[in-house]
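To start, the structure itself, in structure tokens.
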Amino acid sequence: MKELWFLRNECTYGKGKCDHNATKKKIKQSIADGDLRLTTNMWNKQYDLQILKTFGLKTRGVKNLIIKEVFFQLPEQGKLLLCCDGASIGNPGCAGYGILGILSTGEFVIAISGGLGISTNYYAEVFAILMEGEWVIHHAFNEIVFRTDSKAAISAFQSNKLPWFAVPRWEKICAKIDSCNFKHSYREVNFSADSMAKKGAMLRRGEHKIFESKPPFLNSLENPDQVYFRFC
């Protein structure tokens, strides 16, 4: 980009004639000099090999695509499953949280999108769990399963190493419910909460939308009888 910008300035403001071939040589040389710092894998496709040959680079390690089957599981009888997610447009950036409540029978209970203003993605994940817990204690549910795709948030709650603002709120939640469990969920089987969180990131700080029936923008909810696929 630097060499192209220099070339553009030379063409626009330079007194002499710019040399495109010289610029190409500089770009190739710059890429070749940084060969040892390039650690990204390749897909071992013909296009990849052509690019490497053009710039005189060594072959990279091959990245293999692994397809895994993942499943959505309902909670045990009598428990409420709360799927949650946080999202931020930028990190930090405009952030929001998404909540989806489902009974053990698969019956839809609640969906909430909320705005958090400027925040990080991690704080949005933590806020999502806090908002879920506070909703629960106001609606007399006592046995809860929190499901999120954030391992960092789960670790923080399980080890009690929470941000300072979350500690008193979480202690109040724990005092009002009988039991709560955390389950990690891949995003492929947490897409409803992910969609709710993205909607929340577009709301103002403190603004929230509550849906007591399936939101119209969700085409479908997670189905325990369906197989989902994760590409990694």
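Since this is a predicted model, take the numbers as computed values, not measurements.
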Within 6.0 angstrom of Phe229 CZ, more than 12 heavy atoms from elsewhere: yes

Side-chain donor/acceptor of Lys214 to backbone N/O of Leu218, under 3.5 Å: yes

Donor-acceptor contact below 3.5 Å, side chain Asp85 vs main chain Ser195: no

Aromatic ring pairing His184/Tyr186, orientation class (parallel under 30°, perpendicular over 60°, tilted between): perpendicular

Ser88 side-chain N/O to Asn91 backbone N/O, donor-acceptor pair under 3.5 Å: no

Check: Glu132 side chain, Phe146 main-chain N or O, donor-acceptor pair, under 3.5 Å: no

Residue pair Arg169 / Phe127, side-chain heavy-atom distance below 4.5 Å: yes

For Lys79, all residues meeting salt bridge (charged side-chain N to carboxylate O under 4.0 Å, His left out), sequence neighbours excluded: Glu76

Exam field: side chain Ser155 to backbone Lys151, donor-acceptor pair closer than 3.5 Å: no

Partner set under side chain to side chain contact (heavy atoms under 4.5 Å, CB included) for Gln73, not counting sequence neighbours: Arg147, Lys183

Over 12 foreign heavy atoms within 6.0 Å of CZ, Arg205: no

4.5 Å side-chain heavy-atom contact, Ser104 and Pro75: yes

Any side-chain heavy-atom pair of Phe141 and Leu82 under 4.5 Å: no

Ser113 (side chain) donor-acceptor with Met196 (main chain) under 3.5 angstrom: yes

Aromatic contact, Phe182 with Phe157 (centres under 6.0 Å): yes

Gln77 atom CD: more than 12 heavy-atom contacts under 6.0 Å: no

Neighbour count >12 (heavy atoms, 6.0 Å) for atom CZ, Arg204: no

From CA spacing to verdict: side-chain contact (heavy atoms from CB on, under 4.5 Å), Glu134, Ile173: CA-CA 6 Å; Glu134 291 174 348; Ile173 292 168; 3.9 Å; yes

Over 12 non-hydrogen atoms of neighbours within 6.0 angstrom of CD in Glu212: no

Whether Tyr228 side chain and Asn223 backbone form a donor-acceptor pair below 3.5 Å: yes

Sequence-distant partners of Lys198, salt bridge (charged side-chain N to carboxylate O under 4.0 Å, His left out), two or more places apart: Asp194

Enclosure of Phe71 CZ (heavy-atom neighbours >12, cutoff 6.0 Å): yes

Neighbour count >12 (heavy atoms, 6.0 Å) for atom CZ, Phe217: yes

